[in-house]
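Written out below as structure tokens is the structure these notes cover.
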Number of protein chains: 2
Amino acid sequence: MPAAAAAAGICLAVSTVIFALRPNAAGEPSVWLPLVRRIREPFLDRWALPGGPVALSESLEASARRNLLETTSLQPTYLEQLYAFGDVDRSPDSRFVSIVYWALVRPEEAERVSLGENVRWFPADELPDLAFDHNLIVEYALWRLRTKMEYSRIAHAFLGEQFTLAELRGVHEAVLRKPLDPANFRRQMESSGAIEPTGDVVVGGRHRPPKLYRYAGGVELADAGPLTARVVVAAAQHPSTPIAAPTQEDHR
Amino acid sequence: MPAAAAAAGICLAVSTVIFALRPNAAGEPSVWLPLVRRIREPFLDRWALPGGPVALSESLEASARRNLLETTSLQPTYLEQLYAFGDVDRSPDSRFVSIVYWALVRPEEAERVSLGENVRWFPADELPDLAFDHNLIVEYALWRLRTKMEYSRIAHAFLGEQFTLAELRGVHEAVLRKPLDPANFRRQMESSGAIEPTGDVVVGGRHRPPKLYRYAGGVELADAGPLTARVVVAAAQHPSTPIAAPTQEDHR
DNA sequence: TCAAAAGTGTTGGAAGTACACCCATGT
DNA sequence: ACATGGGTGTACTTCCAACACTTTTGA
């Protein structure tokens with residue numbers, strides 16, 4: 001970074017791939033994402049990832065957060081940087097470099113999205129032709145989501161603070177698109193120390209009442225190494241619970 | 001990316017963390033990296049990662065490659081994007097966003113670096129106070145290198161085209177900083193299908209001549225998912241062998 | 001009492017770890 | 001012959017996948 005890089009003519013933007021679980025045509029939960037319709041050239045009327053320019057006074061992540069709120073009114077429970085896309089030909093006219101984030105939101109949160117003419121949910125596996133290189137970006141984000149689901153603990157970012165093991169398993173199954181053995185899944189989760197029973201059970205179901213679990217604090221959800229502090233999961237926001245230090249931006 | 005982001009005042013730069021194996025004070029191989037001395041403010045005279053502005057006509061990776069060649073005359077065998085750093089306060093004066101890459105080079109290549117007053121190798125584990133947030137960046141790059149070494153096949157990027165199993169194990173041991181069982185290491189490598197014997201052996205050693213291996217083609221070294229084509233390892237450059245399509249930039 | 005989901009137990013195989021042991025070479 | 005690293009064999013453990021089986025509820 002020696003020279004005071006003028007970089008005139010390069011536009012710096014932030015985009016986000018937002019994932020939520022919603023029922024598909026068959027009624028089973030699967031991965032969806034919201035897209036916005038472009039209202040100007042290039043790619044007028046094509047669907048695209050929500051995004052926008054980086055403000056001078058904002059960090060990249062703060063930019064992504066603000067933009068998400070403005071364009072989709074979503075506040076993700078999980079937000080992580082995905083990749084920087086900067087090929088010269090990704091936009092036909094000017095030169096764009098996009099720092100792309102990916103986010104997870106809960107179903108309740110997802111349903112709050114204002115479904116106007118210009119924002120719509122799409123199943124992540126059957127997208128139309130998107131603007132720019134956004135098809136590739138989504139594909140990569142999906143790959144990261146699925147890869148990370150297998151070795152990390154991000155699944156609960158799709159759920160509320162309390163959940164049953166069947167719900168948690170449902171998240172895994174929806175993302176990985178394969179059935180999981182309930183018995184083995186239970187043992188893996190329990191032995192990992194990631195979850196702990198709340199003591200409550202869900203009453204009123206048609207069958208044996210399942211125990212409720214919560215994520216055990218103190219356990220990192222997604223090991224990002226020295227950048228761990230950057231990966232922030234919003235504290236479960238009960239109306240009564242004050243939010244504890246939501247975004248500590250210090251480096252370690 | 002809807003608005004034509006002016007982003008005036010934000011400087012876009014590319015930096016690279018370059019790793020090579022060199023003998024440390026005790027004579028054992030360990031991880032080193034070259035740094036350049038800053039010749040202007042801010043952080044005048046402090047050591048920093050090599051880097052520079054992104055040219056309008058270059059992709060991010062091409063920018064990193066060119067800059068590496070200009071500042072250190074290095075051509076890495078492995079180059080991958082690490083992270084985009086863009087906190088508002090990382091540079092005291094202007095606003096910098098740095099797309100950081102990490103690279104691996106072979107020892108022979110590393111020794112060719114012009115060791116002037118302004119370029120010097122440092123042991124990766126004992127760095128001075130660097131310019132900007134470069135200490136954090138190196139720490140993260142080291143974490144990625146060590147993590148990836150355990151589940152991927154990047155080790156041979158530190159070696160030539162042919163190598164013995166002891167050499168390959170030495171790379172792992174140097175990076176992971178722990179001894180590995182030669183017998184088990186051999187079996188893991190052989191059963192993974194990543195390497196194949198060339199049929200030759202190393203003669204002239206003091207002991208039993210070890211077999212030489214090469215990396216089996218067709219096996220991906222580092223699974224980057226849909227972005228695989230972006231991770232490019234230079235073909236082993238025999239003087240006689242023409243370089244085959246060194247940088248295919250297409251997306252998949 | 002039956003269906004269905006919650007939860008437990010048991011088994012077999014794959015892969016990792018530790019370590020004993022043989023092989024081939026230069027000195 | 002012997003020291004040394006190259007290379008093989010083997011027992012032990014740990015983890016994971018499969019699946020039989022018991023428990024608890026609503027209907």
Side-chain angles (χ1 to χ4, degrees), chain A residues 23 27-29 146-153 155-156 159 162-214 219 223, chain B residues 23 27-29 146-153 155-156 159 162-214 219 223:
Chain A
E28 290 149 357
R146 289 180 172 136
T147 306
K148 201 146 193 170
M149 185 72 73
E150 296 196 338
Y151 70 86
S152 194
R153 294 166 187 167
H156 90 289
L159 298 172
Q162 298 195 116
F163 46 85
T164 66
L165 272 169
E167 287 168 342
L168 187 61
R169 179 166 48 87
V171 172
H172 279 82
E173 288 177 337
V175 171
L176 302 178
R177 291 173 302 181
K178 66 179 179 188
L180 299 174
D181 185 306
N184 297 331
F185 183 82
R186 162 181 306 276
R187 271 182 296 249
Q188 280 174 5
M189 284 299 145
E190 280 172 346
S191 69
S192 76
I195 60 173
E196 57 189 19
T198 65
D200 297 334
V201 294
V202 177
V203 296
R206 275 187 306 280
H207 308 293
R208 173 172 175 176
K211 287 188 208 160
L212 277 170
Y213 291 82
R214 75 169 74 86
V219 187
D223 187 8
Chain B
E28 289 148 358
R146 288 180 172 134
T147 306
K148 200 146 193 171
M149 185 72 73
E150 294 196 342
Y151 70 88
S152 193
R153 294 166 186 167
H156 90 289
L159 298 171
Q162 300 194 115
F163 46 86
T164 66
L165 273 169
E167 287 169 342
L168 188 61
R169 178 167 49 86
V171 172
H172 279 82
E173 288 176 336
V175 171
L176 302 178
R177 291 173 303 181
K178 66 179 179 188
L180 299 173
D181 186 307
N184 297 330
F185 183 82
R186 161 182 306 277
R187 270 182 297 248
Q188 281 174 6
M189 284 299 144
E190 279 173 346
S191 69
S192 76
I195 60 173
E196 57 189 18
T198 65
D200 297 334
V201 294
V202 178
V203 296
R206 277 188 305 280
H207 309 294
R208 173 171 174 174
K211 288 188 207 161
L212 277 171
Y213 291 81
R214 75 169 73 87
V219 188
D223 187 8

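Proteins get letters first, then strands, A, B, ... in listed order; numbering begins at 1 in each. Source: prediction; values computed, not measured.
Residue contacts for A/Ala166: at a heavy-atom cut-off of 4.0 Å it reaches the sugar-phosphate backbone alone, with no base atom in range. Counting non-hydrogen atoms under 4.0 angstrom, A/Gly205 reaches the backbone sugars and phosphates but no base.
Looking only at distances, no side-chain donor or acceptor of A/Ser152 sits under 3.5 Å from a matching main-chain atom of A/Met149. Not a single donor-acceptor pair under 3.5 Å links the side chain of B/Arg186 to the backbone N or O of B/Leu165. Side chain of A/Thr198 to backbone of A/Leu212: a donor-acceptor contact under 3.5 angstrom is found.
Nearest to the side-chain atoms of A/Asn184 among the listed nucleotides C/dC19, D/dA18, C/dA6 stands D/dA18. In the set D/dA18, C/dG7, D/dG6, the nucleotide with an atom closest to the side chain of A/Arg187 is D/dA18. Comparing C/dG7, D/dG6, D/dG7 by their nearest atom to the side chain of B/Arg169 picks out D/dG6. The side chain of B/Asp181 approaches C/dC19 more closely than any other nucleotide in the set C/dC19, C/dG9, D/dA17.
Between the P atom of C/dG16 and the NZ atom of B/Lys178 lies a distance of 12 Å, rounded to the nearest Å. Distance, B/Leu180 CG to D/dG5 P: 16 Å, rounded to whole Å. Counting to the nearest Å, the P atom of D/dA17 and the CZ atom of A/Phe185 are 12 Å from each other.
Side-chain N/O atoms of A/Arg186 include one lying less than 4.0 angstrom from OP1 or OP2 on C/dG7.
Projected onto DNA chain C by closest heavy-atom contact, A/Glu190 and A/His207 fall at different nucleotides, the more 5' of which corresponds to A/His207.
The aromatic rings of B/Phe163 and B/His156 are tilted relative to each other, their planes meeting at an angle between 30° and 60°.
With hydrogens and angles ignored, a donor-acceptor pair closer than 3.5 Å exists between the side chain of A/Arg208 and the base of C/dA6. For D/dT4, the base has no donor-acceptor partner in the side chain of B/Arg206 [N/O atoms by modelled type, under 3.5 angstrom].
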